[in-house]
Amino acid sequence: MSDGSNTLWVLPALAARRVDDDAIVLTHKFVDGIRQYQEHWPGQVAVGMYPADRESGNLGETTIPICDLPFRFEWLDEDPSSVVENVSGARLVLASLVDQHLHLAEALAGHSVPLIFVSEYTLQTRKQIIRSETSNPLLRMRRSHWTAQLEKRVEAAVPMATGIQCNGTPTYDAYRDVNENPLLYFDTRVSAADVATDEAIEARAVTVSSGEPLRLAYSGRLIAMKGVDHLPRVASMLRDADVPFTMKICGAGALEDALQAQIDRDNLGDVVELMGELDFRSELLPYVRDNVDLFVCCHRQGDPSCSYMETMACGTPIIGYMNEAFEGIVRTTGVGWAVPIDRPDAMAERIARLHEDRSALISMATQSRDIAARHTFESTMKDRVEHMKMCAGMRAHRAAS
């Protein structure tokens, strides 16, 4: 049974890299998110994480002394019963919907501790990620079988949880009818103060309408599941179609060297540039807001990337592959342009049409900004915590408009 405290336990999917007994590697985004929980949750916030056995490749990581973390932190043991014992006195447990947390649904029900799962990937998206990252056919088949079996356990666990918070429409559509308290949200790091102003959008509109080369960009991890290998192909097709453009690729990752080699091989160096990893708030946001006319997103799977809402908040329209996550955004908001997955030719053809229709880019910029302004970091976190309070029996939840 709960000990009556108001402790919120957060169990993320993210593993943490232990530098030594006194320091840990985490992303700025994660730490900022926990700070927001603390701002709105009426009690202590505790975080439990498993130690990582390798580097994550996530952008924005930093080394932090554990004593300087702005929240209570504990390492989790691999023993499931030990994890249950750790959190059994909580007022609420917020756990990512991943393999190592599924046992909590039944266990915490026995302790009368409310549990909310946080979901991101559907079975389809997990299989797409496996296909994009696994070249060995036997290994790909084994991993696909394992994730199909995992989905059966997920489908059994979700109805037992008190609530579920779905990052993006794919898992919301999949699980909203099997859990009593579903919540849809869109992940973002953009604060209200960072949302593009009318003046910023109008300044970009002047450049767009002048007929200058289209300023294309992508930002994110440079890895296979993000489809970044298609960006030079899109660029080559645009050049062949005589579309004037530049393309900036911002980020870092395993494919960085391969991308540069591809750019060099196809003689794209005059129009395509790797910018490296930019600081999110001081460099990337201003750059996308002031220097990008269209964000090109070749994600070949439906992970609910925060890039979507963050780019829209800059007043920058998106053209992307029609994966589950982006299709859901286009369907529910009416903003952006979606083309078939793994079709760089369709991407280039649609960009060429937008080059001829600059007014569409200008109007979509304002529409994108207006949607993102309703889903800022602060408003999203506040609505999620209100949902958490409701699931913990602390107040009625009022969904954000």
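Residue indices begin at 1 and follow the sequence shown. Below, each value reflects all heavy atoms present in this structure, side chains not excepted, and no hydrogens, waters or symmetry copies.
- Tyr321 places a side-chain heavy atom less than 4.5 Å from the side chain of Val339.
- When the options Asn167, Val158, Val118 are evaluated for a side-chain contact (heavy atoms from CB on, under 4.5 Å) with Leu97, the one that passes is Val158.
- Taking 4.0 Å as the cut-off between side-chain N and carboxylate O, Asp173 and Arg331 count as a salt-bridged pair.
- Residue-environment remark: CD (Glu180) stays at or below the threshold of 12 foreign heavy atoms within 6.0 Å.
- Using a 4.0 Å cut-off between charged side-chain N and carboxylate O, Arg358 and Asp293 make no salt bridge.
- Annotation: salt bridge (Lys or Arg N to Asp or Glu O under 4.0 Å) contacts of Asp370 (sequence neighbours excluded): none.
- No donor-acceptor pair under 3.5 Å is formed between the side chain of Thr188 and the backbone N or O of Thr376.
- Side-chain contact between His40 and Arg384: absent, with no pair of heavy atoms (C-beta onward) separated by less than 4.5 Å.
- Side-chain contact of Asn136 with Thr134: a donor-acceptor pair under 3.5 Å is absent, judged by distance alone.
- We find that Arg143 and Glu133 are not joined by a salt bridge, their nearest charged nitrogen and carboxylate oxygen being 4.0 Å or further apart.
- Annotation: His387 is not in aromatic contact with Tyr185 [ring centroid separation under 6.0 Å not met].
- In terms of heavy-atom proximity, Trp41 sits nearest to Thr7 at NE1-C, 4.1 Å.
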Open item on the list: Show, in sequence, the C-alpha distance, side-chain angles and deciding distance for Arg153 and Asp99, and conclude whether the side-chain contact (heavy atoms from CB on, under 4.5 Å) test is met.
Closed with: CA-CA 8 Å; Arg153 294 173 54 210; Asp99 178 32; 2.4 Å; yes

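- The environment of CD in Glu155 is crowded: more than 12 heavy-atom neighbours from other residues, nucleotides or ligands sit within 6.0 Å.
- Between Phe186 and Tyr308, the gap from one ring centroid to the other reaches at least 6.0 Å.
- For His101 against Ser96, the heavy-atom pair with the smallest separation is ND1-O, 2.9 Å.
- Between Lys382 and Glu386 there is no salt bridge, since none of the side-chain N atoms of the basic residue sits less than 4.0 Å from a carboxylate O of the acidic one.
- Remark: Asp79 CG is packed, more than 12 non-hydrogen atoms of other residues, nucleotides or ligands lying under 6.0 Å away.
- Taking 4.0 Å as the cut-off between side-chain N and carboxylate O, Lys29 and Asp187 count as a salt-bridged pair.
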- [ ] Carefully, step by step, assess Arg35 and Glu39 under the rule salt bridge (charged side-chain N to carboxylate O under 4.0 Å, His left out).
- [x] CA-CA 6 Å; Arg35 283 197 181 102; Glu39 182 174 331; over 6 Å; no

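- Remark: side-chain polar atoms of Thr197 are paired, donor with acceptor, to backbone N or O of Ala200 under 3.5 angstrom.
- The pair Lys226-Asp303 meets the salt-bridge criterion, since a charged nitrogen lies less than 4.0 angstrom from a carboxylate oxygen.
- Within a 6.0 Å sphere centred on CD of Glu74, heavy atoms belonging to other residues, nucleotides or ligands number more than 12.
- Looking at heavy atoms from C-beta onward, Pro232 lies in side-chain contact with Leu259 at the 4.5 angstrom threshold.
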TODO: Just do the side chain to side chain donor-acceptor pair (under 3.5 Å) check on Gln301 and Ser132 with the steps written out, would you?
DONE: CA-CA 8 Å; Gln301 42 66 46; Ser132 68; over 6 Å; no

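- Between the side chains of Asp32 and Gln36, no donor-acceptor pair of N or O atoms lies under 3.5 Å.
- Side-chain contact of Arg189 with His28: a donor-acceptor pair under 3.5 Å is absent, judged by distance alone.
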